[in-house]
Structure formats: C-alpha cells, structure tokens
Amino acid sequence: PEDINGYIHRAGRTGRAGRTGACVTLCAEDETAFLETVERHLRGDQEEQCIKPLEGLTKSQVEAFRYRGEDVARRITRNAIKEARAKEIRMELLNSERLQ
C-alpha cells in the first residue's frame, strides 16, 4: 500500500484474533523514506525501533522470491480464466433451447 494506514492495516492482518504475526516488507532504495515515515508513525514516543531490518537476506534470495511470486501470479490468472470460461459454458448449456 502507498499510504501509512493501508500499510499498517495490511501488516496488522498477519496477527489476528489476539495472535501475533510477522510482516516482511521488501523495499527498494527509493521507498525507504516511506518506511521511515511508517516507522515514526508506529513508534510514536517510544525510542525502540518498530521496523527492524532482516539481516542476511541476499539479493539472489530476493530474486528467487520474486520469480516464485510471478509464477504464482501466472497460475492464479490461468486458473481464474479457466474457471470463468467453465462457468460461461455451464450457463450456455443451461440456457440452451434444446434443454428447454
């Protein structure tokens, strides 16, 4: 999300119903100002940092994660298209003059 409240809402969804959760945010160098703004908003008067860097994550691991994400997105799209087309065909069959 591109606004603070949207980011906090999405990150907060990782821990629901009184449970804790963890949020991992990957950002480019030009997005660090936004994360600093979120950090100040979350921290308020506290001195302890709320958003902590994930140590040991390499660029190749991030790239591998990106490729897996893109693959999942492609599969979801294909499945959604198949399901929508199957629904259309079912409706055409149900509305066919021969069946009436």
Side-chain angles (χ1 to χ4, degrees):
E2 295 184 12
D3 69 353
I4 293 174
N5 291 327
Y7 175 87
I8 292 170
H9 173 75
R10 298 301 299 166
R13 305 255 321 144
T14 64
R16 294 186 286 196
R19 295 184 184 154
T20 60
C23 175
V24 176
T25 299
L26 303 177
C27 71
E29 287 182 32
D30 63 337
E31 298 170 314
T32 56
F34 174 72
L35 269 182
E36 289 169 1
T37 303
V38 172
E39 171 71 29
R40 282 192 303 276
H41 182 81
L42 289 173
R43 188 173 44 206
D45 295 335
Q46 300 174 22
E47 289 189 31
E48 186 179 343
Q49 188 177 9
C50 298
I51 300 175
K52 296 178 174 61
L54 182 62
E55 301 295 333
L57 190 62
T58 66
K59 186 174 181 177
S60 63
Q61 289 171 319
V62 171
E63 283 297 308
F65 181 71
R66 181 177 66 87
Y67 288 128
R68 286 193 298 269
E70 288 172 352
D71 187 44
V72 167
R74 279 192 299 274
R75 287 184 183 163
I76 289 171
T77 302
R78 276 190 235 131
N79 287 337
I81 291 169
K82 284 180 188 178
E83 288 175 14
R85 184 63 187 136
K87 183 178 178 180
E88 288 174 7
I89 292 170
R90 281 193 300 274
M91 293 307 293
E92 286 177 26
L93 288 171
L94 289 173
N95 294 325
S96 171
E97 288 182 25
R98 289 184 177 178
L99 293 175
Q100 300 198 19

Kindly determine whether Asp71 and Arg74 satisfy salt bridge (charged side-chain N to carboxylate O under 4.0 Å, His left out), including the steps that lead there. CA-CA 5 Å; Asp71 187 44; Arg74 279 192 299 274; 3.7 Å; yes
Please say yes or no: joined through hydrophobic side-chain contacts below 4.5 Å, possibly via intermediate residues, are Tyr67 and Val72 part of one cluster? no
Connected via hydrophobic side-chain network under 4.5 Å: Ile76 and Ile81: no
Distance (rounded to the nearest 0.5 Å) between Arg43 CZ and Gln49 CD: 7.0 Å
Please name the pair of heavy atoms, one in Thr32 and one in Cys27, separated by the smallest distance, quoted to 0.1 Å. CG2-SG, 4.3 Å
Can we say Lys59 and Glu63 salt-bridge, meaning some charged N sits less than 4.0 Å from an Asp/Glu carboxylate O? no
Distance (rounded to the nearest 0.5 Å) between Thr77 OG1 and Arg75 CZ: 12.0 Å
Tightest non-hydrogen contact, residues Ile4 and Phe34, listed as N-CE1, 3.9 Å
Mind jotting down which residue pairs meet the side chain to side chain donor-acceptor pair (under 3.5 Å) criterion with at least one end in residues 79-90? Sequence neighbours excluded, please. Arg85-Glu88
Side-chain heavy-atom pair Ile51, Leu35 within 4.5 angstrom cut-off: yes
Rounded to the nearest 0.5 angstrom, the OG1-CD distance for Thr37 and Glu39 is 10.5 Å
